[in-house]
Every structure is written in C-alpha cells, then in structure tokens.
Amino acid sequence: MDVEPKPSNMYGQFRFIVLFTLLAALCGCSPKEFDEQDGYPPIFPDYTGVTVPEGSAPLTFRMEDGRKFRLEQRREGDTLWTTVKAWRRGARRGTRYAPFPIIYSHDPIDPYIVYRLIEPGYESWRNMGLYQRELSSYDESPVVTNRANNLGCVNCHTFDGGSPERMLFHARGRGGGTVFADGDNVKVLNLTQVGPHRQGTYPAWHPEGRYVVFSSNNTRQCFTIRNDQPIEVYDTDSDLIVYDSATDSVQMLVETRETLETFPSWSPDGKTLYWCEAVDPGRIPASRGEVHYRLMAAPFADGALAGEPRIVFGNDSLSVSFPRVNGRWLLFTAASFGTFPIWHKEAELMLLDLETGAVRTVTELNSDQTDSYHSWSSGGQWVVFSSRRLDGRYTRLFISHFDGEGHFSKPFLLPQEDPDFNQLRLKSYNIPEFITGRVPDRQEAIAGLFKEEETK
Amino acid sequence: MNSRLKNRLVPLLLFVAVFVAVFLLLRYTFLQKEYFGLFLNTPDYWTDLWNGPHPLWTLAGDFLSQFYRLSWVGPALTALLATGCFLLLRLFLKRFQIPLAAVIFTALLVAALLPKARERERWAKVEYASLHMQWDKVLSVATPEASAEDRVLIPYALLAHSERGTLPQNMFRYPVLGPEDIDLEGELTRHGYYFTSLVNECMGCTNEAIHNTFQAACTTPYGTSFGTLRQLIKFNIASGNKAMARKYCDILEKSPFNAATARSARKVVEAMPERSYLDHGPSDTAAVITHNTIRNLRLLAGAGYFNAAAADRYRCLLLLQRDLRSFASSFPPEEDLTALPVTYQQALCLISDRDIQRRLSPAVLESFNQYMQEYNNLRSKEDDPILPGSFWEYYFLGY
C-alpha cells in the first residue's frame with residue numbers, strides 16, 4: 001500500500017539536511033590563525049613566478065597535497081601577487097605562504113593553439129583528432145577528428161603562416177592522403193600517386209604559401225623488453241620532397257642513399273630551408289645508438305635548393321630534431337640518439353644563435369622528463385612546447401615567454417578550468433602549433449572526402 | 001492457490017529462475033563485460049559520451065557495467081529486466097493465462113541465450129580465470145576435448161600448463177597444429193591483445209604487457225576500460241613507475257564502484273620509492289621485442305630473463321615448428337636427459353646424434369622402436385593414433 005510521506009517525516013528529513021549542511025560548512029571553514037611560512041606554496045600546476053599573456057584564461061590550481069586553500073590576490077602594475085592560505089580539514093591552524101607573482105605580459109600571443117590528441121600507446125588508437133584551444137578561455141573544439149576518416153590516423157598538421165584559413169594534415173587509412181584546406185575548399189591528395197610516388201611525413205609550409213616541403217620517411221618502431229624507454233621509433237629511409245600548390249605537382253628535393261633527411265623547416269623569409277640529416281649506419285634498430293642527426297641548411301628559390309647544403313650544427317653525442325627559427329634564434333630538440341625524441345627522457349630543448357653559432361641548453365624550459373616538440377608564436381615572443389614532465393608518459397603543453405635576447409621565462413602548463421584535468425586526461429598533446437585565428441568548421445566537408453573515396 | 005498469491009508468486013519465481021539461469025550461464029560474460037566497460041566522471045568521458053551515438057542509452061549501460069564486477073549483479077539486473085518485461089506483458093495482455101505466459105517467456109529467453117551464449121561464456125571464463133591466474137579453472141574449461149571443438153581455448157590451456165610447469169607433458173594431448181596454437185601474436189583483436197598481455201605478464205615482459213593492454217584498450221569505445229586501467233596500475237607498480245601508477249589510480253577513482261580499489265592501490269603506490277630518471281634513460285642496446293615469438297623468447301634468454309615457464313615455452317614452440325636442431329641445442333651439454341619430460345626425450349630420439357641417443361632413457365628408446373614399427377605398418381592418417389599425446393604423433397602424423 002502506498003503511503004504519502006507524513007509532514008513530520010519531511011520535517012525530520014529537512015532538519016537532517018540543514019544540520020548536515022551546517023556541519024559540512026563548519027568542517028570546511030578556514031581556521032582563524034595561520035602560521036607564516038617562507039617560500040611559495042606547493043601548488044599544482046606550479047604557476048609561481050610565471051609570465052602569462054594578458055587576457056589569458058585564468059590560471060587555476062590546487063594544493064599539491066590536496067589541502068583546502070583560500071586566495072588573496074592584488075595586482076600591482078603587470079604583476080598579480082597571490083597569497084595562499086592552506087589548511088587541513090578540521091585543523092585549527094593553517095599555513096600562510098609568501099605571496100607569489102604572476103607576471104602579465106603585453107607581448108601579443110596568437111589566440112589559438114592547434115594540437116593533436118591521441119592515446120600515447122604505440123601502435124593503435126581509438127579516438128584521435130586535431131583540436132584547437134582558445135587561449136583566452138578554456139574552450140577546446142575539434143578541427144577534425146578521426147571519425148571523419150573511419151577511425152584512421154590524422155596527423156602532422158601545419159598551417160600556411162599560422163593562418164587558420166589554409167592548412168594541411170595527413171589522413172592515413174583507406175582513401176587516405178594529405179588533406180589540403182583553403183577557405184571552404186578541401187581536397188585530399190595522395191602524394192604516393194603523383195611525382196616521385198613518395199609519401200609525405202613531416203611538412204613545412206613555405207612562408208610565401210606556394211610550396212610545402214615534406215620529409216618522406218619510412219618509419220618503423222621497436223619495443224624494448226625490459227627498459228624504461230619502452231619504444232624506439234626510427235627511419236630506415238627518408239628524403240625530402242617538395243609540393244607545388246600552384247601546379248599540384250611533387251618533386252624530389254633531397255634524395256640520398258647514404259643519409260637520412262627529415263624535419264624540414266623554414267627561415268622566416270623563406271630563403272633558407274633547414275632540415276635534419278643523419279648518416280645511415282645500416283642495421284637499424286641494432287645500430288640505433290649510432291644515429292645522430294645534425295642540422296643542415298641550404299638556400300631555396302623557385303621550388304628547388306639554390307645552393308649546396310651546409311652543416312649548421314651537429315656532433316656525435318646528440319641528435320637534432322624539430323628545428324624552428326625565430327629571427328636569429330633557432331630552437332631545436334636534442335636527444336642522445338635517434339629521430340623520435342618523445343620517447344627519450346633525456347630529450348631537451350636547445351637554442352642556437354644563428355649569428356654567433358653559440359648553442360645552449362635551455363635549462364629554464366627543460367625538465368627531467370621528455371621536452372620536445374615546440375612552436376613559436378607568429379610574433380616570436382612566445383613558445384609552446386610539449387613535455388612529459390607531469391608523469392613521464394602523457395605529453396602536456398607548456399608556454400613560455402621569450403625576451404628576444406635568448407632568454408625564456410618559467411614555462412606554465414596550459415591552464416584548464418579544473419586543475420586535475422591534466423591528470424585525468426588519457427590523451428597526449430602532439431604537435432602544438434600557434435595559429436592566428438579560429439579554424440573554421442570543415443569537419444563535414446572533410447568527412448565528405450572520405451565518403452567519396454569509399455564510394456569510388 | 002488464490003489468484004492474488006499467484007499474481008505475486010509467478011513474477012517472483014520468474015525472477016529467481018532467470019537469475020539462476022543467467023548466473024549459471026552468463027556470470028563470466030558479465031565479469032568480462034565489466035573488464036572492457038567504462039564509466040568515469042571525467043570531462044573527457046562525458047565529451048566522448050555525448051559525441052557518440054545514443055548517449056543516454058549508452059550512459060545507462062556504462063553506469064551499470066561498473067557493478068558487473070560483482071558476479072551476481074549482471075544476472076540480477078537481467079532477471080529484473082526480464083521480470084519487468086513480464087509484468088508489462090501481463091499488464092497489457094491480461095487475457096494471457098499467466099502460467100503459460102511465464103513458461104513461454106522463460107523458454108524463449110533461455111532459447112535465445114543458448115547456445116551462442118554458452119560459447120561466449122566459455123571464452124569469458126577462461127579469460128577471467130587466466131587474468132586471475134586460476135590455472136586449474138582454465139584447465140577445467142579448456143580440456144583437450146573442448147579445445148578440439150573450440151580451438152580458441154588451446155592457447156589458454158597451454159598457458160595454464162606453462163605456468164604450472166606441465167607444458168611439455170601435456171601440449172600434445174591438445175589438438176595442436178602448429179606454433180600459432182601457443183600464442184596469439186598474429187591475432188590483432190581485443191582477445192588477441194588480451195591474451196598476449198597475459199602471456200607477457202607471465203614471461204616477465206612488463207613493457208610488452210603494458211603495450212598489449214594499451215592495444216586492447218584501443219579496441220574499446222573510449223580507448224580505455226575498467227579492466228585495462230586496473231592492469232595498467234598493476235604493471236606500473238610492478239615496473240616501479242610511480243607516476244604512471246598514481247595517474248591511473250586517480251582516473252580509476254573517478255568510477256564510483258572502482259574508487260575503493262583505486263584508493264587501496266594508491267596506498268601501495270605511495271609506499272613505492274621515488275626513482276631517478278637518470279637510472280632509467282634510453283638505451284641503445286636494450287633488447288627489442290617483435291611479433292616473432294620465437295625470436296622474442298631467444299631475446300629473453302639472451303637478456304637473462306628466462307624463467308622456467310619461458311624456457312618451456314621456447315622449447316615447445318621449437319617442437320611445434322619441428323625445429324629439432326634448435327631444440328636440442330637449447331639444452332646444456334651436461335643436462336641429464338633422462339630427467340627431461342618424456343615429450344622432450346621423444347623429440348631428442350629423432351636426432352641422429354649418438355651422444356644424445358646414448359643419454360636418453362632406455363624406456364623412451366624402446367618405445368620409439370615400437371612406435372616406428374607400428375608407424376611403418378600404418379596405412380593412412382585416418383587410422384587410430386599409435387601413441388596419443390606423444391610428440392611422435394605430432395611430428396609424423398601432424399596431430
């Protein structure tokens with residue numbers, strides 16, 4: 001028999017809820033007294049003393065050890081001073097830490113970053129995609145996901161001069177190829193079916209927009225049985241090809257048997273092409289420790305090299321990857337060997353002064369875990385790079401300010417609305433690239449390319 | 001029986017009947033469904049859920065899947081669903097006679113569940129038992145007779161024997177046809193990755209166990225699952241990777257029903273020593289693993305990670321490949337061959353090496369002579385086997 005709840009019961013329940021809420025509120029109240037402590041508070045992410053762009057999404061954090069905390073903030077000029085008072089639940093006394101600064105820079109930063117999100121497995125994946133993140137908010141939206149190409153791989157995105165209007169990326173799998181998007185027009189081109197029939201891997205879009213240089217890599221991977229480095233990715237062959245968007249044609253640019261060429265990159269004026277090159281020792285992966293890539297450069301004009309390549313930097317104790325030029329500065333990743341630094345814990349960022357030839361390890365950016373792929377903002381005052389410093393496996397994005405004189409500020413983790421988001425996300429951030437605006441929604445058009453391929 | 005009592009008793013009996021039937025027939029299917037299921041209160045989970053098809057329906061299934069870890073929950077929910085359907089049916093079709101409807105309904109349900117469900121349940125049972133290293137349970141399901149009907153069971157049976165140290169004595173009791181029966185390296189499916197992860201765990205190849213757990217996870221709708229998260233925590237604890245173990249604990253804790261498991265695992269994690277990354281940097285000489293199991297096992301031996309199970313596995317693979325030279329050379333010269341399992345001695349009999357022959361048990365040599373006499377009189381493969389379960393049967397007759 002159904003019985004209507006009696007008013008007295010409801011009142012009892014109401015009293016219980018009020019009492020519980022009050023108790024909970026009392027337990028959560030901060031103490032009245034605080035012990036002073038020198039030094040900045042142990043917070044996650046560590047935003048103490050970082051330089052952030054004006055208008056950036058607020059930096060949210062929590063106490064590393066999960067304590068409750070309260071903030072007091074005051075702004076003095078471009079510096080936001082933050083005082084943290086932390087306490088354990090139920091404690092009568094808490095701790096008041098020294099105020100730490102967050103410096104706001106007026107140097108312009110591009111409003112968006114595009115990156116790929118993928119599980120950091122080795123062979124397979126489920127959901128992956130290219131995503132854009134607005135830096136003034138926490139908004140993340142897909143540029144294209146692999147639902148468009150039937151759960152195939154999407155990778156190696158690049159933009160013409162950082163413009164969201166003109167981009168390319170590779171879509172692997174059935175009907176795959178290189179997808180070129182220009183405004184509302186999208187097309188897929190299978191590079192292996194044109195010109196020298198070589199597939200494209202790492203792209204570099206010429207600053208004037210007509211040419212794209214790709215490395216063409218035959219990439220393999222091997223897995224260690226019992227070592228903290230679980231995987232080594234290597235190339236058995238790689239050369240450079242150039243795609244001419246005016247004629248839709250592809251030509252070989254650098255082709256050798258003895259050496260491996262990869263990671264093309266442009267000087268800002270487009271007159272010099274940089275890339276990495278290693279002598280092929282043969283028998284890779286057994287000889288993988290002997291593979292050391294050096295930094296090369298050659299003048300470029302009219303779709304071809306216009307002079308002899310020269311060695312810019314290199315030695316037998318490290319391997320160079322991802323050269324990125326910003327005026328007189330060239331930032332690159334250095335690992336002890338090989339071509340895939342993301343699986344090398346010792347990989348770190350190094351800065352080359354192209355005027356003096358001086359090279360230094362960028363200690364202010366590096367960590368004791370992998371620090372790897374990086375990209376300059378279009379103005380050259382900011383750099384975003386990927387790092388595995390949080391847990392050693394899942395790559396996260398860090399941003400740092402560059403003073404133009406060879407110095408970087410303390411990097412800050414890409415802020416999230418919930419500071420635990422970086423811990424809870426089961427995907428890695430790949431290939432962060434700054435772009436100058438929001439990428440228009442072309443997902444349907446891109447998915448249409450692969451539906452067309454399926455029906456052929 | 002008055003009609004009021006009957007009205008209440010019939011649904012109750014139906015509930016009990018369905019519960020018992022499903023518990024007996026599908027318990028392990030639900031347990032494995034939980035392994036590959038996922039419900040997490042994380043932003044990425046919700047995003048993936050809402051971007052996927054039928055989010056509300058999926059959400060309900062995902063939420064319930066976490067409770068299937070208790071073996072009675074899946075059957076109870078199924079019984080509840082069946083009873084609910086029955087009550088609705090009764091409500092809308094009152095003119096049906098209740099007992100008849102109940103009988104028909106139950107019969108239809110059971111008929112629908114069998115026999116595909118039994119096959120799936122058998123796989124689920126060996127998978128679950130292998131995961132928990134319950135080798136006796138594996139062998140009680142994956143018998144030679146059952147394996148003859150369902151060859152999927154053979155690798156699990158051989159793994160169980162390998163872990164119990166009885167592989168050479170028992171391998172040829174199963175209908176093995178070749179090296180593919182001992183592993184699923186070429187099986188690039190969820191079940192293949194699951195099994196390969198278990199094999200590598202047993203062999204002590206934690207990296208490869210993690211790798212294959214990742215691979216299995218990638219076959220699930222969200223790219224991870226309760227079971228793969230639990231395995232990743234276990235493997236990262238085993239390999240001393242505190243940061244990763246802690247991360248997976250944090251994530252698993254976002255599943256209400258797995259939170260307690262995650263918290264207790266975290267206590268183990270927090271007690272682990274911190275490591276310096278410098279001690280565990282990249283190595284240009286570390287042995288690398290491939291999809292070639294024989295080569296991997298050789299590498300294991302070369303790297304000094306050759307436990308007894310791995311050694312037996314390696315030798316049995318060589319026998320399955322009929323590579324008798326490599327098999328013979330896997331024993332040190334001073335090995336007492338008479339102490340080897342009979343299967344091994346049967347294989348060594350076939351090598352025309354006087355020194356080896358001299359060191360074998362006389363009983364095995366005598367048995368071999370008798371076998372060869374009968375073999376020479378054998379007319380065809382269809383004849384009764386001469387010595388079932390022997391290596392000679394496999395070597396000469398192919399089964």
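Note that this is a predicted model, so its numbers are computed, not measured. Note: hydrogens, waters and symmetry copies are ignored here, and every other heavy atom, side chains too, is used. We name chains A, B, ... by the order of the sequence lines, and we start the count at 1 in each one.
Contact tally against chain A (heavy-atom pairs below 4.5 Å) for B:P43, B:P221, B:C218, B:A243: the top residue is B:C218. For chain A, the option among B:Y45, B:Y222, B:Y248, B:Y193 with the highest count of heavy-atom pairs below 4.5 Å is B:Y248.
Proximity to chain B involves both the backbone and the side chain of A:Q423, based on heavy atoms less than 4.5 angstrom apart. Interface remark: A:A286 contributes backbone atoms only to the contact with chain B (heavy atom separation under 4.5 Å). Using a 4.5 Å cut-off between heavy atoms, B:T220 contacts chain A through its backbone alone, with no side-chain atom that close. Contacts of B:T213 with chain A are absent, with no heavy-atom separation under 4.5 Å from either backbone or side chain.
Salt bridge A:K345/A:D368: absent, no basic N to carboxylate O contact under 4.0 Å.
In summary, of the residues considered (B:L229, B:I251, B:L252), a side chain to side chain contact (heavy atoms under 4.5 Å, CB included) with B:T224 occurs for B:L229 alone. Among the candidates A:R67, A:K68, A:R62, the single residue satisfying the salt bridge (charged side-chain N to carboxylate O under 4.0 Å, His left out) test with A:D65 is A:R67.
A:Y394 does not carry A:K427 over the face of its six-membered ring by the limits of under 6.0 Å from the centre and within 45° of the normal.
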When you look at A:E140 and A:R425, which way does the salt bridge (charged side-chain N to carboxylate O under 4.0 Å, His left out) test go after all the steps? CA-CA 13 Å; A:E140 179 185 80; A:R425 175 162 259 185; 2.8 Å; yes

